[in-house]
Amino acid sequence: MELDRASRELESNRSQLSARSNEIGKLIGKKIGGGCDPKGEEIAQLKNEGNEIKIKLSKLEPQEKALKAKIEALLLELPNLPDDSTPLGKSEDDNVEIKRWGDEYIPDNQNILPHWEIGEKLGILDFKRAVKVAQSRFVNLVGAGAALERALISFMLDTQIDAGYTEVMPPVLINSDSLQGTSQLPKFAEDSFKCSNDDLWLTPTAEVPITNLYRDEILEDTELPIRHCAYTPCFRREAGSAGRDTRGLIRLHQFNKVELVKVVVPETSEAEHQTLVENAEAILRALKLPYRILELCTGDIGFGAAKCYDLEVWLPSAGMYREISSCSNCRDFQARRADIRFKQAGKKGTQYVHTLNGSGLAVGRTMAAILENYQQPDGTIKVPDVLQPYLKREVL
RNA sequence: GGAGAGGUGGCCGAGUGGUCGAAGGCGCAGCACUGGAAAUGCUGUAACGGGGUGACCCGUUCGAGGGUUCGAAUCCCUCCCUCUCCGCCA
């Protein structure tokens with residue numbers, strides 16, 4: 001706050017000086033244009049005054065700049081303010097479960113194999129060779145595994161396109177400005193992969209390239225709401241998660257995701273958030289995968305979100321629900337960083353948009369859920385009805 | 001990656017140190033003409049930020065950032081992007 005006050009003072013000071021400086025520049029121009037001797041007394045005097053102002057300005061400008069940079073850096077470190085309705089809490093233990101669906105689909109088979117075991121048995125998941133080619137926490141999908149992944153992606157996209165989203169296929173290598181725009185930078189640099197020779201990063205989520213499509217733009221209110229869905233691979237270093245979920249598809253460095261992103265006017269963002277969650281839920285329901293919805297508490301909510309719902313799918317082998325989608329309303333937080341505004345017809349000035357994003361869904365985790373929930377006693381996997389047209393088979 | 005040419009308002013395009021935020025055209029808006037329209041004529045028309053009820057006023061912006069200068073769209077440096085040719089390549 002103090003910094004801000006100082007900065008404003010400097011700014012008004014500087015602005016007055018540059019006004020006078022502009023004036024002098026113009027005056028000299030006029031006099032010379034009007035036939036005045038460029039080397040004469042009058043001009044020399046003006047030049048002098050101009051020089052003095054210049055000296056003052058040269059002192060003020062760096063001060064102002066340094067201050068603004070300092071403020072900027074401080075602000076970039078600040079997380080979004082949670083919405084008033086976001087439950088208070090310290091950790092994920094304080095998240096509030098608000099819905100449970102599909103209990104009747106929870107398999108009672110006691111002999112369910114974890115998805116990585118069944119996957120390797122069926123020859124559709126190959127972790128070993130993926131490690132050779134890359135590192136641990138990578139997977140190679142083989143045959144029906146690759147086809148299932150592709151079917152899921154197509155099914156998810158088709159469903160969301162029907163729900164009114166426009167598909168995009170953005171770059172997955174993105175620059176630092178983009179990561180800053182959606183608030184992955186500066187705080188989470190350690191969590192992303194960076195190219196060593198270029199200012200490019202592997203995108204950790206399609207939220208970044210999609211939201212940044214509109215960075216530094218002033219949209220017409222008639223263009224809003226913008227609703228995009230996209231399939232992209234996502235890349236995360238998973239720094240700090242050593243030892244957690246080291247087996248299977250749950251926590252990989254590279255995974256596929258279908259993402260939903262909305263750019264909306266502030267008045268509708270709450271309602272758009274609700275439908276975003278419903279759109280993500282629709283996939284789980286269509287696949288008949290049991291899930292629950294948590295409303296994240298203040299202690300667990302992400303850096304950029306004001307309000308966030310997590311969808312968690314039932315994983316029988318673990319005997320627990322695991323996150324499969326996270327649906328956030330960032331309000332104007334990202335819009336301010338990325339400078340995404342809109343103009344209302346007939347109204348003066350501009351306003352910040354609200355941005356929302358959610359997974360619809362994480363594809364690898366969906367595959368894991370299917371491999372476990374759809375296991376049959378004979379060790380085969382029944383293909384969910386809605387995927388059969390894509391896979392052209394009923395059993396894996 | 002190499003060589004060259006560029007990046008100016010909603011669009012095209014002029015402008016190589018000074019009354020330039022920027023000629024001209026297109027587009028758009030208003031008015032006139034018309035029964036109505038087209039054509040034509042006249043007038044107006046950049047954005048963003050800040051201030052004022054308002055007419056307006058101030059600041060910033062000619063790809064971005066720095067420099068030279070009293071003064072930069074114009075000169076110098078760095079970077080980004082686009083186009084042409086060559087090279088390389090899925």
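In what follows, chains carry the letters A, B, and so on, assigned in the order in which the sequence lines appear, proteins first and then strands, with residues in each chain numbered from 1. Computed from a predicted structure; not experimentally measured.
- The pairing partner recorded for B/C20 is none, the criterion being a Watson-Crick or G-U wobble arrangement whose two distances lie under 3.5 angstrom.
- B/C89 is unpaired under the Watson-Crick or G-U wobble criterion, no partner having all donor-acceptor distances under 3.5 Å.
- At a threshold of 4.0 Å, the pair A/D332-A/R336 counts as salt-bridged, since one of the basic side-chain nitrogens sits closer than that to a carboxylate oxygen.
- Protein atom CD of A/E217 is 14 Å distant from nucleotide atom P of B/C48, rounded to whole Å.
- The partner of B/U43 is B/A29, judged by Watson-Crick or G-U wobble contacts that both fall below 3.5 Å.
- Atom CG in A/D216 sits about 12 Å away from atom C1' in B/A64, given to the nearest Å.
- Spacing of P atoms, B/G44 relative to B/G63, comes out at 27 Å, to the nearest Å.
- A donor-acceptor contact shorter than 3.5 Å is absent between the side chain of A/S192 and the backbone of A/L202.
- Between A/R341 and B/G49 there is a side-chain polar atom (N or O) within less than 4.0 angstrom of OP1 or OP2.
- The side-chain hydrogen bond (donor to acceptor under 3.5 Å, both in side chains) pairs that include a residue from residues 294-303 of chain A are A/N95-A/D300, where partners are two or more places apart or lie in different chains.
- For A/T350 and B/G49, the shortest distance from a side-chain N or O to OP1 or OP2 is below 4.0 Å.
- When Watson-Crick and G-U wobble pairs are counted only if both distances are under 3.5 Å, B/C62 pairs with no nucleotide at all.
- Applying the salt bridge (Lys or Arg N to Asp or Glu O under 4.0 Å) definition to pairs two or more places apart or across chains, none involves residues 193-222 of chain A.
- Summarising the geometry, the separation between CD on A/E220 and P on B/A47 is reported as 11 Å, rounded to the nearest angstrom.
- At whole-Å resolution of the value, CG in A/D198 and C1' in B/C81 are 15 Å apart.
- Both distances falling under 3.5 Å, in either a Watson-Crick or a G-U wobble arrangement, place B/A3 opposite B/U84.
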